[in-house]
Structure formats: C-alpha cells, structure tokens
Amino acid sequence: MTEYLTHYGYAFLFVVVLLESTGLPLPGESLVMAAGMLAGEGSLSLTAVFLTAMVGAVVGDNLGYLLGRRYGRGMVVRWGEKVGLGERRFAMVEKRFEDYGLWVVLVARFIIILRQLNGFVAGTMHMSWPKFLVLNTISAALWAGAYGLGAYIFGAAFRVFFAEHGTWPIIVIAAGICLVGCVGTYRFLFRAEAEEEPETVDDTTSGVAGGTGGHGPATSSTAEDGRNRG
C-alpha cells in the first residue's frame with residue numbers, strides 16, 4: 001500500500017484509517033508508520049500525517065458509534081453468530097465495557113479486535129457521546145503520535161535494517177505481536193467462558209449411583225436372613 005500512499009498521499013491515509021476504525025481489516029497502523037517514514041524523508045509533512053491519522057481515526061470510530069447506536073443490537077441478533085459474535089458473546093463484550101469503559105476506549109485503538117469493536121460497542125451500549133468523543137480523540141491522538149512520530153524518528157534506522165536484512169524479520173515480529181494481541185484480547189473479552197463452572201451431575205446419574213450403592217445393604221440383609229434360617 002506504500003505505492004498508493006506515495007501517489008495519493010494524505011487522502012489515501014485518511015480513508016484507510018477511517019475504514020479500519022469502522023471495523024474493516026485494513027493495515028491502518030502500518031500505513032501510519034509508512035507515512036511517518038515518508039515524512040522523515042521529506043516527502044510528507046509530519047504534522048499533516050499526525051492530523052490526518054488522528055482525524056481519520058476519530059471519524060471512523062464515531063461512524064462505528066453511530067452505527068452501533070442505531071443498528072447495533074439488530075445487527076448482532078441477525079449476523080453476529082456468522083462472525084462468532086452472537087448475543088451471548090456480545091453480552092460479554094458489553095460487560096467488559098461496563099466494567100472498564102473509560103480505559104477500554106482509551107487503549108482500544110492500540111489493540112487489535114478492540115480497535116474494530118470500540119465505537120460499535122460503545123454506541124450499542126448508548127455510552128454518552130460527548131464522553132466517548134473526548135476519550136476517543138485522546139486515544140486517537142496518542143495512537144497517531146506513537147506510530148507516526150515513532151516511524152519519523154526511527155525511519156532512518158528502519159531503512160538501514162531493511163536494506164541489510166529485508167522485511168521478513170519485521171513481518172515475523174508484527175505477526176507475533178498481532179497473535180499475542182488477538183489471544184490477549186480474546187481472553188479479556190470472553191474470559192467468562194473459561195470461568196463457567198461445569199454442568200452439575202445429571203439426576204439420572206445420581207439415581208444410578210444411589211441405586212448401586214443400595215445393593216450393598218440389600219445383599220447384607222439377604223445374607224443375614226440366610227444365617228437366621230440356618
């Protein structure tokens with residue numbers, strides 16, 4: 001996508017970050033980092049990269065919020081099971097937002113899956129929009145600054161590393177971080193599934209066990225009757 005970024009500039013960066021923020025699986029973070037590196041070369045403005053990424057993130061998250069507020073529950077009921085997020089699991093996600101709402105909105109942008117669900121779940125739960133907007137704007141600014149500025153500062157080192165080793169180590173590291181993020185997010189959101197107690201023993205099984213246990217006394221009674229007759 002770097003070629004498109006070079007050709008279309010800030011507009012392409014804005015659209016990709018916006019669409020990723022509404023829930024689509026697009027490489028928003030990688031694109032912000034690429035834009036930061038281009039800013040280090042002088043091809044783009046670092047300030048413009050930061051503002052474009054931040055505004056795209058805020059607009060995308062708030063579109064997700066509006067979508068969730070208006071259609072969220074109906075969409076979960078109708079299509080949730082098809083993507084592994086039925087009503088039961090979605091209730092777990094809502095519970096996490098209720099327990100850690102402020103922190104979830106602040107850090108969601110840095111965590112895969114949460115980044116895609118953030119605005120939609122907040123809207124479905126009818127979280128206060130002014131509160132969501134403020135927290136989400138802070139999160140978007142921190143995110144755009146961390147990836148854009150980080151790539152701007154270390155861009156030269158990245159280029160030297162790529163020239164010597166190629167891009168495969170970065171791909172492996174990124175895949176590892178993504179995997180850890182996915183597993184951690186899954187455990188955080190759906191921890192209740194692992195904590196559920198196993199079902200109680202069926203009454204029929206208990207009855208059979210009780211009946212089996214009853215054979216002992218009955219056998220003893222029969223033997224005693226035999227001795228008395230003797």
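Minimum interatomic distance between Val55 and Phe14 (heavy atoms only, all atoms of both residues): CG1-CE1, 3.9 Å. Heavy-atom minimum distance, Val58 versus Thr137: CG2-CA, 3.9 Å. Nearest heavy-atom pair, Met54 versus Ala144, reported as atom, atom and distance to 0.1 Å: N-CB, 3.9 Å. Considering every non-hydrogen atom in both Ala57 and Ala140, the closest pair reads CB-CB, 3.8 Å.
At a threshold of 4.5 Å between non-hydrogen side-chain atoms, the residues Leu142 and Phe110 count as touching. Contact annotation: the side chain of Val59 never approaches that of Val17 to less than 4.5 Å [non-hydrogen atoms, C-beta and beyond]. By the 4.5 Å heavy-atom criterion applied to side chains, Tyr65 and Phe120 are not counted as neighbours. When side chains are defined from C-beta on, Phe50 does not count as touching Leu46, because their heavy atoms never get closer than 4.5 Å.
Paired with Asn118 under the rule side chain to side chain contact (heavy atoms under 4.5 Å, CB included), one option of Val105, Ile111, Leu106 passes, and it is Val105.
With sequence neighbours left out, Asp61 forms a side-chain hydrogen bond (donor to acceptor under 3.5 Å, both in side chains) with Arg109, Asn136. The side-chain contact (heavy atoms from CB on, under 4.5 Å) test applied to Leu38 returns Leu5, Thr6, Glu41, Ser43, Leu44, not counting sequence neighbours.
Among residue pairs with one or both ends in residues 142-156, none qualify as salt bridge (Lys or Arg N to Asp or Glu O under 4.0 Å); sequence neighbours excluded. The salt bridge (Lys or Arg N to Asp or Glu O under 4.0 Å) pairs that include a residue from residues 145-155 number zero, where partners must be two or more places apart or lie in different chains. For residues 22-34, every residue pair satisfying the salt bridge (Lys or Arg N to Asp or Glu O under 4.0 Å) rule, not counting sequence neighbours, is listed here: Glu29-Arg115. Judged as a salt bridge (Lys or Arg N to Asp or Glu O under 4.0 Å), not a single pair has a partner in residues 140-158 (not counting sequence neighbours).
A parallel orientation is assigned to the rings of Tyr8 and Tyr4, their planes being inclined by less than 30° (bins at 30° and 60°).
Listed for the Thr22 side chain is a donor-acceptor partner under 3.5 Å among the backbone atoms of Leu19.
Interatomic distance, OG1 of Thr124 versus NE2 of His126, reported as 7.5 Å (0.5 Å rounding).
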Could you walk me through whether Asn62 and Phe132 pass the side-chain contact (heavy atoms from CB on, under 4.5 Å) test, one step at a time? CA-CA 9 Å; Asn62 279 272; Phe132 174 79; 3.9 Å; yes
Kindly determine whether Val32 and Thr52 satisfy side-chain contact (heavy atoms from CB on, under 4.5 Å), including the steps that lead there. CA-CA 9 Å; Val32 173; Thr52 301; over 6 Å; no
Test Ser45 against Tyr10 for side-chain contact (heavy atoms from CB on, under 4.5 Å), laying out the working first. CA-CA 10 Å; Ser45 164; Tyr10 307 112; 3.6 Å; yes
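Within 6.0 Å of CZ in Phe154 there are 12 or fewer heavy atoms belonging to other residues, nucleotides or ligands.
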